[in-house]
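Single-structure report; data block below.
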Amino acid sequence: MAKIVAEHLKYKYPLSEKLALYDISFTIEPGEFIGIIGENNAGKSTLCQAMVGIVPNFYKGAYGGKVLIGDMEIAKSNISDICKKVGIVFQNPFNQVTGCKLTVYEEVAFGLENMGLPRSEMIDRIDYSLKLLDIYKYKDRNPFDLSGGQMQRMAIASIIAMRPEVIILDEPTSQLDPQGSEEVFRAVQNLSREGITIIMVEHKMEKIAEYSDRVMLLHEGKLIAFETPEKIFSRDDLDCYGVTAPAYTRICKSLGIKNKKTGFYPVTLEETKSLIGFSEKERCPYDQN
Amino acid sequence: MTRIEVQEMHFSYTEQEPILKGINITLDERSTAIIGQNGAGKTTFVKLLKGLLRPMQGKILFDGKDIACMTVAQIAKHIGLVFQNPNDQIFKNNILDEVMFGPINIGMDEQEAKRHSQNALAMVGLSDCEDKNPYDMGLSERKLIAIASVLAMDTDVVIFDEPTIAQDYRGIEKIKKIIRTLKAEGKMVLTITHDMDFVADCFERTIVFAKGKILLDGQTDKVFSKKEELSQAYLEPPHVTQLCNSLGYDKVFLRVEDFVSYVKSKGIENK
Amino acid sequence: MIHKLDPNSKIIYIFVANIAPALIGARMATASFILISIVILTIGKVLHKTAPMLEFSGLILLTVAIIQGIFHQGNTTVAFALGSVVFYKEGLMFALGIALNVINILMSFSILVLTTKPSDMVETFVHMGLSPRLGYVMSSVFQIIPQMTKTMATITDAQRSRGMETEGKLKTRIKAFFPLISPVVMNSLISTKERAIALEVRGFGSKQKKTFLNDLQKTRYDDIFRFVLILILILSIFWRVLIWLK
């Protein structure tokens with residue numbers, strides 16, 4: 001399994017005067033779940049695209065530093081080779097449907113046909129990924145007849161079938177309804193359990209806090225911090241970067257409840273529940289009766 | 001005060017598949033959120049209010065007048081609707097012209113239209129960009145342009161369809177401020193949304209649509225205390241409410257501040 | 001049964017149905033192939049779908065017949081007269097020849113087009129060496145156009161919501177053109193860019209030789225069908241050679 005390493009990555013889109021990414025360096029270990037947060041135009045999507053080679057290979061523009069996936073250097077490789085190692089899923093499920101296939105099953109095959117896989121292997125992989133994403137029952141439907149959540153899971157299945165070591169999700173649920181979002185988040189958790197490295201951009205901070213091993217905070221193209229969710233969301237300066245902590249963390253900040261073991265504020269429902277429940281019992285021991 | 005009464009309204013695109021099955025509701029000055037899964041009939045409902053679709057049965061009364069006798073263009077003077085995707089409406093090369101399109105269509109003169117448009121742009125925080133091309137702006141700014149282009153029409157009713165999609169924290173705060181301002185100006189505000197924390201923060205009344213019917217309707221905190229009905233509509237309450245539920249509180253809070261002051265007051269009492 | 005034939009067999013049919021009569025050089029041969037096509041289309045239960053196309057081309061062929069019947073260069077034998085307009089036999093026979101050939105081409109292509117899924121057809125072309133990019137464009141058109149129609153409806157709603165009139169006098173309609181068409185163009189530019197990237201990250205630009213999920217399976221019927229076709233072709237070449245030798 002491959003490590004992802006960025007070294008002094010800089011990038012400027014053509015026709016733009018400002019750097020979209022400014023001197024970014026980090027290392028992501030195999031199997032990690034990484035959340036990326038930051039306000040709009042902070043460079044989140046650009047960074048994602050730099051890890052699959054869309055930046056700079058598709059957009060061109062000025063590029064400096066490097067990104068390595070294992071021993072493959074992104075800027076020097078073709079997207080068609082990179083995509084065997086790193087897959088990416090975008091916001092809009094609709095615009096990811098190829099439009100040239102009549103069934104979900106064939107749609108998932110698209111990438112595999114391009115890879116030149118033998119037919120029997122294709123079938124194995126398609127079956128596996130449709131089942132993993134829980135959409136096997138829709139395999140004979142027209143891709144455009146699926147709901148948003150189902151379509152997005154099909155997009156993920158299409159990437160998973162290509163067996164990448166890393167999968168990047170750029171706001172995968174922002175255009176879905178609550179049920180569709182939940183379906184996608186559940187699917188992403190499943191992938192994480194399979195040991196795939198996951199990098200997810202998301203505005204729903206509660207979800208970032210719940211799933212991420214570490215969180216990248218980006219602002220104006222710079223990497224401000226890359227830490228555990230507890231440490232990131234316990235910062236006092238989140239407002240300056242246009243992000244907010246999960247509701248649970250905000251409550252605990254106001255109440256001054258920290259997790260004594262870590263020294264940070266809690267970030268998930270479970271953690272908050274145990275801490276608030278505990279301090280309440282301490283404060284009013286008879287309340288229980 | 002503006003009132004919209006919907007009586008026994010039915011709608012379907014095809015005979016086999018009814019979309020709305022007998023909607024009865026009165027909308028008033030309270031800011032109102034409409035929630036529910038995709039396909040529950042929310043967008044169809046607001047399109048009917050706008051006259052873009054016409055009911056199969058039943059009627060819609062706007063201030064007592066049946067909108068069946070009004071054209072879409074006439075309704076547009078009273079009810080504004082901001083569509084989900086700003087790219088579905090933007091066609092001018094500069095932002096001010098784009099925003100002035102609606103006001104001029106509904107019969108304002110050039111000067112009045114300009115005044116209203118500039119006010120609307122100030123409200124969404126885009127006053128400095130009047131002369132820019134909308135397509136030089138990001139999607140979140142284009143959404144604000146679309147909002148301004150409806151606000152400039154100065155309608156009594158403003159409806160938003162998913163205003164928080166593609167917005168970050170600051171963008172959502174901005175939209176909350178716009179909604180509060182509209183409310184203070186005495187306008188009726190309706191919003192379709194999937195963002196429950198946004199509903200909790202901003203709306204007095206919440207209507208839950210499920211399978212073409214109104215499942216719940218009432219004061220927002222009352223609606224979010226109905227755990228069973230919500231899960232029936234596959235909806236999760238706001239995060240603060242989820243915390244209340246898992247702590248076993250009988251009282252339901254919607255906002256961080258309310259929860260905090262409750263816990264603090266309890267702590268003080270017990271000291 | 002016809003639907004299950006390999007598209008390649010149908011392509012061979014188009015080839016033979018048009019080459020063989022030319023080799024034999026008799027109108028009867030062309031007519032026979034038209035008859036065979038009709039039989040095949042009937043078995044495939046799609047004969048009625050050729051009607052609109054035949055009506056359209058029939059109209060054109062009728063014009064050809066009238067013009068040739070009156071004005072053809074070798075016209076000598078009078079066939080009949082309508083009032084003062086005289087129709088000649090040579091011209092009418094010439095027009096008949098053209099008509100038979102056109103109908104034969106249309107019918108033989110109809111078998112391929114009407115009994116094959118568009119995606120299979122494109123895939124066959126790609127197999128035969130058509131560029132996958134061009135193949136993509138051809139097959140995506142079938143799906144993307146209905147989607148564009150939907151976008152167009154939303155845009156109309158959005159602009160009507162801003163008080164724009166779309167119906168009524170011609171002037172109103174002309175005024176409505178720009179606010180309707182430019183969002184369509186912008187929208188499709190945006191979605192095309194996004195879709196292009198989505199295809200790219202699924203290896204569309206790969207130099208690897210493509211493989212196919214759908215095995216285009218040749219059946220026993222394909223073999224029989226092809227054997228008969230080749231036999232006809234050989235016989236007609238034989239016929240041609242015989243005529244030369246005479």
Side-chain angles (χ1 to χ4, degrees), chain A residues 15-16 37-42 44-45 91-92 147-149 171 173-183 203-207 209 238-239 241-257 266 268-270 272-274 276-277 279-280 282-288, chain B residues 35-40 42 84-85 136-141 162 164-173 192-197 200-201 230 233-249 253-264 266-271:
Chain A
L15 307 177
S16 158
I37 61 171
E39 62 183 1
N40 284 339
N41 305 322
K44 304 186 297 296
S45 294
Q91 255 186 59
N92 187 335
S147 73
E171 296 192 38
T173 67
S174 69
Q175 312 211 351
L176 307 180
D177 62 3
Q179 194 185 2
S181 305
E182 210 38 53
E183 290 167 4
H203 281 303
K204 297 179 183 113
M205 295 302 153
E206 287 78 10
K207 295 293 179 191
L238 288 176
D239 238 18
Y241 303 119
V243 294
T244 182
Y248 313 123
T249 314
R250 281 182 281 144
I251 287 176
C252 292
K253 272 186 189 173
S254 303
L255 294 171
I257 299 173
T268 60
L269 174 69
E270 282 307 307
T272 310
K273 184 183 152 190
S274 65
I276 288 191
S279 59
E280 276 197 347
E282 244 183 5
R283 242 184 257 154
C284 37
Y286 307 108
D287 224 33
Q288 298 288 308
Chain B
I35 60 176
Q37 298 302 323
N38 290 344
K42 307 183 299 295
Q84 208 180 110
N85 184 354
D136 288 341
M137 319 289 279
L139 180 64
S140 47
E141 283 99 2
E162 295 290 357
T164 60
I165 285 187
Q167 298 292 352
D168 56 8
Y169 167 62
R170 281 197 187 129
I172 295 178
E173 290 304 310
I192 295 179
T193 183
H194 289 319
D195 183 341
M196 300 305 148
D197 286 0
D201 246 8
L230 286 176
Y234 303 100
L235 294 171
E236 271 191 348
H239 291 106
V240 178
T241 315
Q242 287 180 35
L243 182 63
C244 296
N245 289 343
S246 70
L247 285 168
Y249 288 10
F253 296 102
L254 302 177
R255 280 171 287 254
V256 170
E257 305 81 62
D258 300 342
F259 183 91
V260 168
S261 56
Y262 170 75
V263 174
K264 275 187 180 161
K266 226 171 93 179
I268 290 160
E269 273 166 30
N270 282 297
K271 252 174 198 168

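Per chain, numbering begins at 1; letters A, B, ... match sequence-line order. Being a predicted model, the structure only gives us computed values, none of them experimental.
Minimum interatomic distance between A:Gly149 and A:Leu176 (heavy atoms only, all atoms of both residues): N-CD2, 3.8 Å.
Neither the backbone nor the side chain of B:Ala233 comes within less than 4.5 Å of any heavy atom of chain A. Using a 4.5 Å cut-off between heavy atoms, A:Thr244 contacts chain B through both its backbone and its side chain. Interface residue B:Asp197: only side-chain heavy atoms are found under 4.5 Å from chain A. With a threshold of 4.5 angstrom between heavy atoms, A:Asn40 approaches chain B through its backbone and through its side chain. Heavy atoms closer than 4.5 Å to chain A are found in the side chain of B:Leu235, but not in its backbone. When heavy atoms are compared at a cutoff of 4.5 Å, B:Phe259 approaches chain A solely by way of its side chain, counted from C-beta outward.
Looking at residues two or more places apart in sequence or on another chain, you find a side-chain contact (heavy atoms from CB on, under 4.5 Å) between B:Glu257 and B:Arg255. Residues passing the side-chain contact (heavy atoms from CB on, under 4.5 Å) test with B:Asn85, sequence neighbours excluded: B:Asn87, B:Asp88, C:Asn187.
Two residues are said to be in side-chain contact when any heavy atoms from C-beta on lie closer than 4.5 Å; B:Gln167 and B:Glu162 fail this criterion.
Remark: side-chain polar atoms of A:Glu206 are paired, donor with acceptor, to backbone N or O of A:Ala247 under 3.5 angstrom.
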